[in-house]
Amino acid sequence: MALPRSDYLSNVWKDGIFDNKVVFCTGGGGTICSAQVRALVHLGANACIVGRNVEKTEAMARSIATARKGARVIGIGGLDVRKIETLEKAVERTVKELGGIDFVIAGAAGNFLSPISNLSPNAFKTVIDIDTIGSYNTLKATIPHLVASAKKHTNAASNPDTGGRIIFISASFHFTGMPLQTHAAVAKAGVDALSASVALEYGPRGVTSNILTPGPIAGTEGMERLGNKASEAAAMRKNPLQRYGSVKEIADGTVYLFSDAGNYVNGEVLVIDGGGWRSPGSLQPGSKQYPDYLLDDSFARKSKL
Ligand code: HXC
């Protein structure tokens, strides 16, 4: 059954603004990316979502397709962004079945909480491989199609029809550094630098690249796994808006960046977190206050985070 539009999209966007567009999204089975794609599909796009889990990805594709009558949504599971060959195959299938790729969301990520003392070199590398290398692989596999889309849609005088856009999903914790998430902070800093470089290198060909950085969003697997009731309460208290965000607010930001309204936005970082990252320590894990938990050597092992 289709979700009500008000669950995943504001009513300020006109139906049909993404008619005939195609979006390719990694990490598409997850709560945030699926909401982003659902919003784009509602507004006219067709989509391919890819993810590691076969059942979850295919079921999510079927669910997203209910957002609009006649929508075509392909779900490809068993895909690991660390392996570019699997991405290339998925891209090939998308282009063959849906006619091209106009928008890309590079959303696949991996994370866990671990103090540096407990973080093996392979654990560190694993997160860099998924987040940073995986984002690069996504770019490499899709960029020829984004260039083609930009060429098709860019009109020198005005740009009423958008295409050739990529959004990388990042995080704000590398702005300040983040205890227990060194691996993810380093990985996402790389993703931000990747996007800025793409913006400069491909801007002259009409492709735009931006970062979308969600704050703590209610109901995501990431927050369920990495947060707990105590950190939730602390995050809400320390957030200037005193609440978590919703997937709808991330979907709205995505629609903005891919729509005509975002035509001149390139190389930017759009943080949608209620201003939370400016309030240091808003994502501290555990019930203890920073830095008490860091001084307790047994914290990470005991906490099963
Ligand atoms: C310390 C850990 C660990 C933990 C794994 N490792 N979990 N080390 N603490 N909790 C180590 C392993 O021991 C191993 O190192 C290395 O990491 C690789 O582990 P594997 O299990 O072999 O890797 P893999 O199967 O590829 O799994 C990847 C993963 C996993 C990232 C480790 O957690 C995963 O698949 N997660 C699902 C995706 C996910 O995390 N989504 C949420 C993203 S949220 P050794 O040395 O033993 O070989 C997000 C936003 C964050 O990114 C914002 C929220 C605050």
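Fair warning: this is a prediction, and the values are worked out from it, not measured in the lab. Here, residue 1 is the first one in the sequence, and each next residue gets the next number. Just so you know, ligand 1 is whichever comes first in the structure, and atom 1 is the first atom listed for that ligand.
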Subset of ligand 1 atoms that lie under 4.0 Å from at least one heavy atom of S120 = 15 (O), 45 (P), 46 (O)

query = With distance as the sole criterion, is a donor-acceptor pair present between the side chains of S209 and S195 under 3.5 Å?
reply = yes

query = How would you list all residue pairs meeting salt bridge (charged side-chain N to carboxylate O under 4.0 Å, His left out) that involve residues 91-104, not counting sequence neighbours?
reply = R93-E97

remark   = Distance col, row C48:SG vs I76:CD1, nearest 0.5 angstrom, shows 4.0 Å

key: Option whose closest heavy atom lies nearest to atom 49 (C) of ligand 1, chosen from T213, N111, N122   = N111

query = For ligand 1, which part of R82 has a heavy atom less than 4.0 Å away: the side chain, the backbone, both, or neither?
reply = side chain

ask   = Looking at ligand 1, does K188 have a heavy atom less than 4.0 Å from it?
value = no

query = Is the closest side-chain heavy-atom distance between N210 and L270 below 4.5 Å?
reply = no

inquiry  = Heavy-atom pairs closer than 4.0 Å: do any link ligand 1 to the side chain of T126, the backbone, both, or neither?
reply    = side chain

note = Counting heavy atoms under 4.0 Å, the part of S114 that contacts ligand 1 is side chain

query = Taking both backbone and side-chain atoms of R52, is any N or O found less than 3.5 Å from an N or O belonging to ligand 1?
reply = yes

query = According to the ring-ring contact (aromatic ring centres under 6.0 Å, His included) rule, which pairs have a member within residues 5-58, sequence neighbours left out?
reply = Y8-H42, F18-F103

ask   = When you measure from the side chain of D131 to the backbone N and O of A187, does any donor-acceptor pair fall under 3.5 Å?
value = no

ask   = Where does A109 meet ligand 1, judged by heavy-atom distances below 4.0 Å: at the side chain, the backbone, both, or neither?
value = both

